[in-house]
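What you are looking at is a predicted structure, and each value in this text was computed from that prediction instead of being measured. All values below come from the heavy atoms of this structure, side chains included, with hydrogens, waters and symmetry mates left out.
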Amino acid sequence: QVQLVESGGGLVQAGGSLTLSCAASGNMFSVSTMGWYRQVPGKQRDLVASITSGGSTNYADSVKGRFTISRNNAKNTVYLQMNSLKPEDTAVYYCNADVWVVVPRKLVNYWGQGTQVTVSS
């Protein structure tokens, strides 16, 4: 069994910063692509940013230049540094990862439990 444990959400004023962390643990060989998604009530869950095991990144247009995704492969951890936060960034943020599990050996997609980010105006 593999778990993704998120931390770092909270309440911040517009213009402020937050850093989210997500650590993968369990019976696995390695972690492939990791990413962050966000969802507001009544809307679909959208990609915020993703990063491959080799470090290639992808960002939603709405966060380019403000958010930075990074990872520590040795710790199977992904981070999302969020700067210049806006009220429209308010959402539940979910960690996502493609994980090579041990038995059977295959690539499985996992989600974290979600962490609330609220940006006040």
Side-chain angles (χ1 to χ4, degrees):
Q1 187 72 3
V2 173
Q3 288 185 322
L4 302 181
V5 179
E6 301 150 341
S7 61
L11 173 64
V12 65
Q13 288 189 332
S17 299
L18 279 176
T19 300
L20 305 182
S21 301
C22 171
S25 63
N27 200 16
M28 59 189 182
F29 282 114
S30 64
V31 183
S32 182
T33 299
M34 303 184 81
W36 291 95
Y37 289 70
R38 65 187 181 187
Q39 187 172 27
V40 298
K43 294 194 175 182
Q44 68 179 20
R45 191 174 296 184
D46 293 325
L47 175 70
V48 175
S50 64
I51 184 168
T52 67
S53 56
S56 296
T57 59
N58 181 44
Y59 293 94
D61 288 343
S62 60
V63 306
K64 284 180 180 177
R66 299 188 299 122
F67 291 10
T68 301
I69 190 169
S70 62
R71 65 188 286 170
N72 183 325
N73 288 335
K75 295 183 178 180
N76 293 319
T77 300
V78 64
Y79 307 94
L80 185 68
Q81 174 68 43
M82 304 184 291
N83 298 326
S84 302
L85 282 160
K86 304 175 181 179
E88 51 263 44
D89 294 317
T90 296
V92 178
Y93 283 69
Y94 295 91
C95 178
N96 181 268
D98 290 325
V99 179
W100 284 102
V101 298
V102 177
V103 180
R105 187 165 183 173
K106 62 179 181 178
L107 197 63
V108 179
N109 187 259
Y110 289 93
W111 290 94
Q113 78 282 4
T115 185
Q116 178 70 45
V117 172
T118 302
V119 184
S120 63
S121 56

Asks: Please give me the minimum heavy-atom distance between Leu47 and Ala49, naming the atom from each residue.
Replies: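 Distance-wise, the nearest heavy atoms are CD1-O, 3.6 Å.
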Asks: I need the minimum non-hydrogen distance between Ser121 and Ala14, along with the two atoms involved.
Replies: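 Closest heavy-atom pair between Ser121 and Ala14: CA-CB, 4.3 Å.
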Asks: Would you list the pairs meeting ring-ring contact (aromatic ring centres under 6.0 Å, His included) in which at least one residue belongs to residues 47-86, sequence neighbours left out?
Replies: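 Residue pairs with at least one partner in residues 47-86: there are none.
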Asks: Distance-only check: which donor-acceptor pairs under 3.5 Å involve side-chain atoms of residues 111-118, not counting sequence neighbours?
Replies:
residue	atom	partner	partner atom	Å
Thr115	OG1	Gly9	N	3.4
Gln116	NE2	Ala91	O	3.4
Gln116	NE2	Thr118	OG1	3.3

Asks: Would you compute the distance between atom CE of Met28 and atom CD of Gln1 and round it to the nearest 0.5 angstrom?
Replies: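 Here the rounded value is 12.0 Å.
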Asks: Can you tell me how far apart CD1 (Ile51) and OG (Ser56) are? Round to the nearest 0.5 Å.
Replies: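 Interatomic distance, Ile51 CD1 to Ser56 OG, rounded to 0.5 Å: 8.0 Å.
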Asks: Hey, can you pull the donor-acceptor pairs under 3.5 Å for the side chains in residues 15-25, sequence neighbours left out?
Replies:
residue	atom	partner	partner atom	Å
Ser17	OG	Asn83	OD1	2.9
Thr19	OG1	Gln81	OE1	2.4

Asks: Mind checking whether Val78 and Val101 sit in one hydrophobic cluster, side chains of I, L, V, M, F, W, Y counted as touching below 4.5 Å?
Replies: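 Yes, Val78 and Val101 fall within the same hydrophobic cluster.
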Asks: Could you grab the distance from atom CE of Met82 to atom CD1 of Ile69, nearest 0.5 Å is fine?
Replies: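 Those atoms lie 11.5 Å apart.
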Asks: Pair up each side-chain donor or acceptor in residues 31-38 with any protein partner under 3.5 Å, not counting sequence neighbours, and list the distances.
Replies:
residue	atom	partner	partner atom	Å
Arg38	NH1	Asp89	OD1	2.9
Arg38	NH1	Tyr93	OH	2.9
Arg38	NH2	Ser62	OG	3.3

Asks: According to side chain to side chain donor-acceptor pair (under 3.5 Å), does anything in residues 67-78 pair up with another residue at least two apart or in another chain? List the pairs.
Replies: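 Pairs touching residues 67-78 that pass the test: Arg71-Asn73.
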Asks: Side-chain contact, heavy-atom cut-off 4.5 Å: Thr90 with Val40?
Replies: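 No, side chains not in contact.
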Asks: Sub-3.5 Å donor-acceptor pair from the side chain of Glu6 to the main-chain atoms of Cys95, do we have one?
Replies: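 Checked: pair present.
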Asks: Can you give the donor-acceptor pairs under 3.5 Å from side chains of residues 103-110 to other protein atoms, not counting sequence neighbours?
Replies:
residue	atom	partner	partner atom	Å
Asn109	OD1	Asn96	ND2	2.9
Asn109	ND2	Asn96	OD1	3.0
Asn109	ND2	Asp98	OD1	2.8

